[in-house]
There are 2 protein chains.
Amino acid sequence: MEGDTRETIREVALELFSTRGFEQTSLREIAERVGLTKASLYYHFPSKQALLTAIIDPVIEGWRTVAIDVKNLPNTPQNIREVLRRTMDVLLANQSVAAIMLRDPAGVVAAIGPIWEDLVDTSKRLTTWIAGPDPTTTQRLRAVAAMEILGGALTSVTYLDEPAPEDEVRTVLLESAIAVLRLED
Amino acid sequence: MEGDTRETIREVALELFSTRGFEQTSLREIAERVGLTKASLYYHFPSKQALLTAIIDPVIEGWRTVAIDVKNLPNTPQNIREVLRRTMDVLLANQSVAAIMLRDPAGVVAAIGPIWEDLVDTSKRLTTWIAGPDPTTTQRLRAVAAMEILGGALTSVTYLDEPAPEDEVRTVLLESAIAVLRLED
DNA sequence: GTCTATAAGAGGATAGAC
DNA sequence: GTCTATCCTCTTATAGAC
């Protein structure tokens with residue numbers, strides 16, 4: 001069950017990009033781990049940049065879907081909860097890809113600037129929606145705080161001695177985000 | 001008022017490292033902006049790495065101070081508030097340096113691994129203290145969430161259309177962190 | 001202190017045989 | 001599809017004149 005070489009390359013690259021960073025990973029290293037030469041990688045991907053986008057693009061798509069769906073959704077407490085939940089799900093379902101952007105934003109920007117801008121834009125739209133209609137600065141900042149908390153799903157691993165069960169991470173962080181937004185008022 | 005060349009180099013490097021990332025900034029670029037040649041930089045700093053540590057070290061020191069002072073501080077609600085406040089102050093007082101670590105963690109790790117580990121360790125101790133004595137996993141996660149919120153002081157600029165006044169950023173994010181910790185219980 | 005010149009090497013990428 | 005060999009560029013860093 002050798003599977004697709006292209007797929008293997010993508011998996012190895014994902015592993016290395018997410019742990020060492022994009023810039024810090026050379027094609028030589030990837031080729032070595034896959035058991036190929038650098039040159040062979042170029043048969044499957046036309047450039048290092050293309051390899052990165054092949055990894056990131058599908059996730060961007062899912063991320064953008066969350067933001068698009070929100071467009072005409074009434075900003076009710078129930079809906080906000082639901083959107084936070086879905087945002088968290090996307091993060092948890094794509095931890096490795098998210099880790100690339102967390103560990104080496106500068107490298108990713110240098111490689112695929114426009115895609116990164118798009119990502120920031122999507123996050124911005126999501127944050128703005130969460131802040132509610134005609135938000136005060138305070139409400140905007142609370143929305144930023146809420147989004148920041150969700151990111152804790154990725155960083156908690158680093159800051160806890162023993163990793164927390166994913167279910168609890170999801171529950172506690174969602175609760176926390178909701179608490180920050182003061183949805184009960 | 002030409003000032004110290006060494007200091008100028010440090011300032012230019014800080015500016016570039018914090019906006020483009022450490023790896024993405026070459027000594028050629030720095031030299032160009034300072035108005036020197038690459039070779040001259042080496043008269044003032046023995047290596048690119050040394051330039052980075054000259055920038056980061058003082059801040060690490062301040063950061064560590066917060067964590068050390070906490071060591072024998074009783075974990076009362078009042079003290080937790082105070083520690084959060086001081087943590088926020090350190091972040092706000094060193095936004096550019098913090099931005100380096102935010103934009104290019106992978107590059108910083110590759111250059112000065114041990115110092116980075118130290119930083120993570122310090123943050124970990126701080127988070128653990130905030131979580132309180134014999135914390136449950138939920139309490140630990142809330143502490144992570146609280147720390148994550150403070151980081152919003154750095155990212156809010158990216159996610160808000162118009163930058164929020166620093167005073168309000170401080171106040172709202174501190175309130176949010178406290179809300180997450182449920183100090184009122 | 002700052003310069004010119006250059007070393008030494010790694011990186012991404014291509015050509016062309018098999 | 002994978003290889004060997006090579007190109008080109010850029011980087012950090014050093015040597016030594018001024």
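Source: prediction; values computed, not measured. Excluded from the calculations below are hydrogen atoms, water molecules and symmetry mates; all remaining heavy atoms, backbone and side chain alike, are included. Naming: A, B, ... by sequence-line order, numbering from 1 per chain.
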**Message:** Return whichever of Y43(A) or K38(A) has its heavy-atom-nearest nucleotide of DNA chain D closer to the 5' end.
**Reply:** Y43(A)

**Backbone of I80(B) reached by a side-chain donor or acceptor of W129(B) within 3.5 Å** = no

**Item:** Side-chain N or O of T37(A) closer than 4.0 Å to phosphate OP1/OP2 of dG1(D)
**Value:** no

**Prompt:** Taking CD from Q24(A) and C1' from dA10(C), how many angstroms apart are they, rounded to a whole number?
**Reply:** 14 Å

**Message:** Taking the minimum atom-to-atom distance to the side chain of A39(A), which one of dT14(C), dT4(C), dT2(D) wins?
**Reply:** dT14(C)

**Prompt:** CG of L41(B) versus P of dT14(D): gap in Å, rounded?
**Reply:** 13 Å

**Asked** When you measure from the side chain of H44(A), which nucleotide among dC3(D), dT12(D), dG1(D) comes out closest?
**Response** dG1(D)

**Asked** OP1, OP2 of dG11(C) versus side-chain N and O of R28(A): anything below 4.0 Å?
**Response** yes

**Message:** Hydrophobic cluster membership, with links at side-chain heavy-atom distances under 4.5 Å among I/L/V/M/F/W/Y: are I130(A) and V120(A) in one?
**Reply:** yes

**Request:** Supply the atom-to-atom distance L51(A) CG to I56(A) CD1, rounded to the nearest 0.5 angstrom.
**Result:** 10.0 Å

**Asked** If you check the K48(B) side chain, which of dG1(D), dA13(D), dT4(C) turns out closest?
**Response** dA13(D)

**Distance in angstrom units between F22(B) CZ and dT11(D) P, rounded** = 13 Å

**For atom OH of Y42(A) and atom P of dT14(C), their distance in whole Å** = 7 Å

**Fill in**
Between R64(A) and the options D118(A), T122(A), D121(A), the side chain to side chain donor-acceptor pair (under 3.5 Å) test singles out D118(A)

**Asked** For L51(A) and dA13(C), what is the distance between atoms CG and P respectively, to the nearest whole Å?
**Response** 10 Å

**Item:** Atom pair distance, as rounded to whole Å: CG in L27(A) and P in dC8(D)
**Value:** 20 Å

**Message:** Could you tell me how far apart E32(B) (CD) and dT2(C) (P) are, to the nearest whole angstrom?
**Reply:** 17 Å

**Request:** Answer yes or no for K48(B) and Y42(B): cation-pi contact, defined as NZ/CZ to six-membered ring centre under 6.0 Å and angle to ring axis within 45°.
**Result:** no

**Complete:** L36(A) has its side chain closest, among dC3(D), dG1(D), dG11(C), to dC3(D)

**Message:** Counting only side-chain heavy atoms from C-beta out, which of dA13(C), dA15(C), dT4(C) sits nearest to S47(A)?
**Reply:** dA13(C)

**Item:** S26(B) side chain, from C-beta outward: closest of dC3(C), dT2(D), dT11(D)
**Value:** dT11(D)

**Request:** Quickly work out the I9(B) CD1 to dG1(C) P distance and round it to whole Å.
**Result:** 11 Å

